[in-house]
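First up is the structure itself, then whatever we jot down about it.
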Amino acid sequence: MASITEPLPGTSDIWEPETLDWITLENAARNVFHRYGYGEIRTPIFERTDVFVKSLGDETDVVQKEMYTFQDRGGRSLTLRPEGTAGVIRAIANAGLEQGEEKRVFYFGPMFRGERPAAGRRRQFHQVGVETVGSNNPWMDVEVIAMLCQFLDSIGITGSHVVVNTRGLPEDRARVTSALKEYFAPKVGEMCEDCRRRFDTNVWRMLDCKNEPCTTFAAGSPKIVDLLGEESRTFFEKVCQGLREVGVEYEFAPRLVRGLDYYIHTVFEVTHSGLGAQDALAGGGRYRIQFAGSKTPIEGIGFAAGMERLLLARQSLGITAPDVRDADIMVLGLGESAVLPALQLAQTLRGEFAGLRVKADFTGRSMKAQMRGANKARAQVALILGENELAQGTVVCKMMETSEQETIAINELNGFLATKLNAR
RNA sequence: GUGCUUGUAGCUCAGUUGGUUAGAGCGCCUGGUUGUGGCCCAGGAGGUCGCCGGUUCAAGUCCGGUCAUGCACCCCA
């Protein structure tokens with residue numbers, strides 16, 4: 001039996017040095033996205049199940065076998081969000097989007113998918129994503145992809161690889177599907193079990209099957225882009241042209257499909273070699289989503305990057321979590337009478353030195369033990385408060401690095417510390 | 001959902017062909033005289049050997065199941 005204290009499979013507890021790394025990523029994302037005029041949005045982490053089923057598509061793997069779905073007390077079917085776009089679009093639809101109005105938002109947060117955990121794959125994972133809604137302009141796709149690259153750059157991730165393809169418009173789909181079926185029909189008997197099933201359920205997926213006989217057949221298949229109508233091809237050409245002119249290095253991946261039904265036109269992924277088998281760092285595309293009751297579908301383009309995977313990529317590049325002290329200043333209270341004054345001193349120091357971590361030792365244990373504590377916390381300075389100091393209105397300041405110590409009058413302490421701890 | 005892997009102190013691990021009180025390193029606590037850390041020294045705390053069942057005179061060691069870890073597949077972030 002699993003211990004109740006163990007986190008559930010595919011979930012984990014994240015502790016201090018790592019949480020700082022997460023904050024670094026979040027702040028970098030805010031910084032970059034703000035500069036592109038995006039605002040942060042926070043939507044619920046659970047939604048009506050239909051929000052996902054109707055947008056991702058009820059035949060997709062995510063919907064069919066990966067969602068955490070449950071009934072609430074009123075008997076409604078709810079789902080822990082498996083991705084971010086559907087909820088954001090739901091929120092925008094609910095707020096109302098005026099004709100011609102654009103919205104640009106970004107978000108971070110936990111997502112949930114009931115899969116077997118592996119390297120870079122968790123059941124609760126975290127994404128940072130953006131959505132640009134209300135623009136059907138290919139230059140928007142270009143800017144979004146460029147922004148993603150700039151974000152990756154800003155967090156030190158080099159060596160990533162951008163792949164781009166198009167799925168065309170919904171009205172192109174029937175033609176693509178029948179062309180693919182025509183191509184695969186004589187070969188499907190020799191292909192893998194999954195592909196034989198996909199031939200009927202989802203031919204497009206046969207293009208990116210990784211099993212051996214299938215890859216060679218897929219490689220010889222017609223390219224999606226060549227099967228599309230004029231409008232779709234022009235759109236994609238503009239996206240590619242824009243990427244080149246903006247200086248985004250990318251690879252045209254004619255058989256990139258991606259798993260969600262809401263995608264139209266541009267789809268893209270960013271991969272990185274430092275991740276293991278799941279090498280996608282981020283993915284996205286243009287989409288069209290319509291919820292029941294809306295007159296017109298909402299069109300947008302966005303992407304999501306996996307935070308855990310960004311962290312893995314950074315690790316593979318040697319970027320590690322920042323090294324922090326548990327305390328910059330440790331206040332030692334010697335003896336029962338000094339414990340409360342130590343607490344009070346710590347309080348005033350926190351007000352004075354906003355950027356520093358100040359801890360007080362309330363145990364009243366031996367000075368040796370408290371000094372060990374200060375050392376373990378890697379404090380820059382230990383402030384010693386005992387009966388003598390209380391009587392004299394002073395405090396002993398011991399610089400841990402050099403072992404030098406001085407007795408300072410309490411009213412000169414702030415100035416003393418300010419010069420000694422070149423941080424504020 | 002499938003396959004493989006691993007599961008012994010807080011951490012990293014050792015534990016011989018099943019055999020008496022389960023070990024190491026690191027970490028932790030206390031001390032090395034009066035109010036001082038890091039090094040050193042001495043003591044100490046800490047383990048139902050993941051869990052359940054089976055085989056056996058005897059199981060951390062063998063068998064089965066189960067839970068969990070890691071990785072891979074499917075698919076995705």
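Below, read A as the first sequence line, B as the second, and so on, with proteins coming before strands; counting in each chain starts at 1.
Of the candidate nucleotides G38(B), G35(B), C73(B), G38(B) has the atom lying nearest to any side-chain atom of S403(A). Distances from the side chain of A369(A) to the nucleotides U30(B), G35(B), G3(B) place U30(B) closest. Of the listed nucleotides (A68(B), C29(B), G1(B)), C29(B) has the atom at the smallest distance from the side chain of K376(A). Side chain of R365(A), nearest nucleotide from U30(B), A77(B), G35(B): U30(B). If you check A72(B), U36(B), G37(B) against the side chain of M400(A), the one that comes closest is G37(B). Closest to the S366(A) side chain, of the nucleotides G37(B), C73(B), G31(B), is G31(B). Distances were taken from every side-chain heavy atom of L260(A) (C-beta onward) to each of G37(B), A77(B), G35(B); the shortest belongs to A77(B). Side-chain atoms of E389(A) lie closest to G35(B) of the nucleotides G38(B), G35(B), C73(B). Comparing U36(B), A77(B), C4(B) by their closest approach to the side chain of I384(A) singles out U36(B). Checking U36(B), A77(B), C71(B) against the side-chain heavy atoms of F125(A) singles out A77(B) as nearest.
The aromatic rings of F106(A) and H34(A) sit perpendicular, their planes meeting at an angle over 60°, well past the 30° parallel limit.
Within 4.0 Å of P9(A), counting heavy atoms only, lie sugar-phosphate atoms of the nucleic acid but no base atom. Across all strands, G335(A) comes closer than 4.0 Å to no nucleic acid atom at all (heavy-atom distances).
For K368(A) against U36(B), a side-chain-to-base donor-acceptor contact under 3.5 Å is absent. Taking 3.5 Å as the limit, the base of U36(B) and the side chain of Q370(A) contain no donor-acceptor pair of atoms between them.
Side-chain N/O atoms of R378(A) include none lying less than 4.0 angstrom from OP1 or OP2 on G37(B). A close approach under 4.0 Å does occur between a side-chain nitrogen or oxygen of R122(A) and OP1 or OP2 of G70(B). Taking only side-chain nitrogens and oxygens, R372(A) comes nearer than 4.0 Å to OP1 or OP2 of G38(B). Considering only side-chain N and O atoms, Q278(A) lies under 4.0 angstrom from the phosphate OP1 or OP2 of C73(B).
The minimum heavy-atom distance linking M400(A) with A382(A) is given by the pair SD-CB, 3.9 Å. Of all heavy-atom pairs between R258(A) and V267(A), the closest is CD-CB, 3.7 Å.
In this structure, K376(A) does not pair ionically with D326(A), as no charged nitrogen and carboxylate oxygen lie closer than 4.0 Å.
With respect to F303(A), the side chain to side chain contact (heavy atoms under 4.5 Å, CB included) criterion is satisfied by exactly one of V130(A), V270(A), I145(A): V130(A).
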